[in-house]
Protein chains: 2
Amino acid sequence: MSTLNGAAAAAGRPVLVTDVLRERIVEGELPPGTPLRDVALSAELGVSRNTLREALRTLHDEGLVVQQLHKGTAVKTLAAEDVTDIYLARRTLELSAVDASPLAPEPLLDAMEAKVAAAELAVDAEAWDKVGTASLRFHQSLVALLGSARLDGFFRVTIAQLRLAFAVMADQGAFQAPWVARDREICDLIRGGRRMDATAALRLYLDESERMVLDAVRAGSRTTSTTRTTPTTTAAKGKR
Amino acid sequence: MSTLNGAAAAAGRPVLVTDVLRERIVEGELPPGTPLRDVALSAELGVSRNTLREALRTLHDEGLVVQQLHKGTAVKTLAAEDVTDIYLARRTLELSAVDASPLAPEPLLDAMEAKVAAAELAVDAEAWDKVGTASLRFHQSLVALLGSARLDGFFRVTIAQLRLAFAVMADQGAFQAPWVARDREICDLIRGGRRMDATAALRLYLDESERMVLDAVRAGSRTTSTTRTTPTTTAAKGKR
DNA sequence: GGCAGCAAAACTGTTGAACAATCTGGCTGC
DNA sequence: GCAGCCAGATTGTTCAACAGTTTTGCTGCC
């Protein structure tokens, strides 16, 4: 069966392929460092090599893969500086969003609260694999308070990059749950109009979150020797 | 005489083509609405149709062109909502940058001042076509104070979109000069550590700049009967 | 046994031609 | 004047080929 099952094809094939690959990457199915060989992938997805190439270029533009001339494409492995950069961007946008929250239209605030509720639901259901994503969706809806589609798009891409690090973290288990409680706290502070408190809480949140991801990335780069990707052909692709 | 003169080809051809086309677009050589027909362009640039197609996709990702299935690619014409969106993003990033300026490293502040000086030089030389670009470079270096490569990249793309509107403005003449004086004022306020004053000045600057661009875009969309997109907002009584 | 160096294989980057699907403009006929 | 249709133009996508580059593996030499 072609992995590119044609449910809805309202858009061109390259964007379909892009969506499939992006999903596989951020979901951890294609871990960082995995080479994306166009001939193999095009065969697997049932599209031409050129079409696949266009998709890979978009993923490159989104910062999810790296491309070296004549060496091909590979899933990006986040360096420590990438993480700090991403969190700089997060701080800028999310803190600005809190600042702007008093002027935000009510529906956007409602949507934000809905995302927190969804995350809490995931926690209650102990669906740990969904919790991280649900929490990030809250932060996405927080940035949406700024009211700019372009900033939303940028934040979405940035968060997708961050999930490159999440996917690596061996334990995506229960220790994600505390973050949701803090999401709730921040959300309530915003809704309560306590802007300064919300800012402080969010700042702390981001600092600690950054430290956690940074530790994970550094731990990961210690095991998987940095520049060396796949010493031989895909030997142990299974579970480790 | 291929327009794609091979000065330096350290990167793949698609990115070279992308750079050439981006330049032509933001420089106004290819005005908004211009259809970008791949067969003609690929012949003119001396690359294959597939290669050109990759370049067009990147430009699409950057928001400089629009692509409609089976209708091809055209240089984007900014709508009023695009302008307001872009200025929302500008306010968010530039005002955050002023906020962060006390912590910014000295070399970045120097670079910022250098950009203002360059703009002033362009004004003195009465090189009006260069003034707008030089001023935008100052704002780019302002955002650079935030210290995030990702935010820098996003801002660069956003500014390129804004230049779609600039290129349309018939008179890019002397009335751009006053903005540079205000750039200087904002720059000096930042260097002097007068953060609040800089914020206020920048806020006013962006408000007035937005109004100006907005007027230009609205005037432009009145003359060049816009594409049949968005019959909603404007009670478009198409002439003819 | 280890290593320099070379040849073969694998892969990428890019091209050109081909074809189906779709859009566009003009023509016919009423 | 207008509906409908036909033909050309253009797009979206595929396929096969080839040059250039990196990687691999082998050979022979010390």
Side-chain angles (χ1 to χ4, degrees), chain A residues 2-6 8-21 30 33-61 65-76 225 227-235, chain B residues 2-21 30 33-61 65-76 225-229 238 240:
Chain A
S2 82
T3 320
L4 215 201
N5 40 14
R13 273 187 171 111
V15 312
L16 283 205
V17 175
T18 304
D19 289 345
V20 169
L21 289 180
L30 295 171
T34 308
L36 268 35
R37 278 185 261 272
D38 51 10
V39 51
L41 270 184
S42 63
E44 179 184 346
L45 298 178
V47 298
S48 117
R49 205 150 77 90
N50 287 321
T51 299
L52 186 95
R53 205 151 238 285
E54 278 189 49
L56 290 183
R57 181 160 296 277
T58 295
L59 292 176
H60 169 76
D61 293 341
V65 304
V66 292
Q67 290 184 315
Q68 288 182 68
L69 199 62
H70 285 286
K71 289 185 67 178
T73 307
V75 179
K76 176 157 187 171
S225 70
T227 49
R228 212 75 211 99
T229 53
T230 58
T232 54
T233 51
T234 67
Chain B
S2 76
T3 320
L4 216 199
N5 42 12
R13 272 186 171 108
V15 312
L16 284 205
V17 174
T18 303
D19 290 346
V20 169
L21 290 179
L30 295 171
T34 308
L36 268 35
R37 277 186 261 272
D38 51 10
V39 52
L41 270 184
S42 63
E44 179 183 348
L45 298 178
V47 299
S48 117
R49 205 151 76 90
N50 287 318
T51 300
L52 186 96
R53 204 150 239 284
E54 277 188 49
L56 291 182
R57 180 159 297 277
T58 295
L59 292 176
H60 168 77
D61 293 343
V65 304
V66 292
Q67 290 185 315
Q68 289 182 67
L69 200 62
H70 285 285
K71 290 185 67 178
T73 307
V75 179
K76 175 156 187 172
S225 80
T226 45
T227 57
R228 49 305 218 167
T229 58
R240 157 181 224 320

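Throughout, a chain's letter reflects where its sequence line sits, starting with A, and its residues are numbered from 1.
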Would you say [X] and [Y] make side-chain contact, with heavy atoms under 4.5 Å?
| X | Y | result |
| --- | --- | --- |
| A:Leu59 | A:Gln67 | no |
| A:Asn50 | A:Glu54 | no |
| B:Val17 | B:Leu41 | no |
| A:Leu16 | A:Val47 | no |

To the nearest Å, give me how far apart [atom1] ([X]) and [atom2] ([N]) are.
| X | N | atom1 | atom2 | result |
| --- | --- | --- | --- | --- |
| B:Arg37 | D:dG8 | CZ | P | 18 Å |
| A:Arg53 | D:dT13 | CZ | P | 17 Å |
| A:Arg13 | C:dA20 | CZ | P | 14 Å |
| A:Leu52 | D:dG12 | CG | C1' | 16 Å |
| B:Gln67 | C:dC23 | CD | C1' | 16 Å |
| B:Asn50 | D:dT10 | CG | P | 18 Å |
| A:Leu69 | C:dC11 | CG | P | 17 Å |
| B:Gln68 | D:dT10 | CD | P | 17 Å |

Checklist entry - Between B:Glu54 and B:His70, which is nearer to the 5' end of DNA chain C once each is assigned its nearest nucleotide? => result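 It is B:Glu54, whose closest nucleotide lies nearer the 5' terminus.
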Next on the checklist: Which is more 5' along DNA chain D, the nucleotide nearest A:Lys71 or the one nearest B:Leu36? Just name the residue.
Outcome noted: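 Comparing both residues, the 5'-ward one is B:Leu36.
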Checklist entry - So what does B:Asp38 touch, heavy atoms closer than 4.0 Å: a base, only the sugar-phosphate, or nothing? => result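 The answer is sugar-phosphate, as B:Asp38 gets under 4.0 Å only of primed atoms, P, OP1 or OP2.
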Next on the checklist: Would the base of D:dT10 count as contacting B:Arg49 through its side chain, where contact means a donor and an acceptor less than 3.5 Å apart?
Outcome noted: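 No.
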Next on the checklist: Can you see if the side chain of A:Thr51 gets near the phosphate of D:dT14 - specifically, an N or O under 4.0 Å from OP1 or OP2?
Outcome noted: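 So the side-chain polar atoms of A:Thr51 do come within 4.0 Å of the phosphate oxygens OP1 or OP2 of D:dT14, strictly under.
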